Amino acid sequence: MRLLIWLLLIYIGYRIVKGYLAQREVSGRESPGLKGEETHKDPVCGVYVAGEDAVVGNLEGEKIYFCSMECLNKFQEQLQHKS
Ligand SMILES: [Zn+2]
């Protein structure tokens, strides 16, 4: 009988810990500052930039985001070398 009570307590503890972790995961995903903000990968240096802070380039109608004008220029140079 005692064993059953212990098992029950362990089970409840497990559920509480699991619920707590799940809650933390959700709140971590919705951390303030990142909410609704899109990030884009700079194809030149590989840095992730927020859409608002990015330098936006255009390639055949497709928007490309860069962290700086320097990267945009490098990207254009690379394109010119390819073609
Ligand atoms: Zn960059």
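Please read all numbers here as calculations on a predicted model, not as lab measurements. Both counts, for ligands and for their atoms, begin at 1 and track the order of listing.
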Just distance, no hydrogens or angles: give the donor-acceptor pairs under 3.5 Å from side chains in residues 3-19, sequence neighbours left out.
residue, atom, partner, partner atom, Å
Y11, OH, R15, NH1, 3.0

Quiz: residues 50-58 side-chain donor-acceptor pairs under 3.5 angstrom, not counting sequence neighbours:
residue, atom, partner, partner atom, Å
N58, OD1, G61, N, 3.2

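- More than 12 heavy atoms of other residues, nucleotides or ligands lie within 6.0 Å of CD in Q76, so this atom counts as buried by the packing criterion.
- Note that SG of C71 and CD of Q78 are 9.5 Å apart. Values are rounded to the nearest 0.5 Å.
- Distances from the Zn ion (ligand 1) under 2.8 Å pick out these protein N/O/S atoms: D42 OD2, C45 SG, C67 SG, C71 SG.
- Pairs of residues two or more places apart, or lying in two chains, that qualify as ring pair (Phe, Tyr, Trp, His ring centres under 6.0 Å) and include a residue from residues 55-74 are H40-Y65, F66-F75.
- The shortest heavy-atom contact between D42 and C67 is OD2-N, 2.8 Å.
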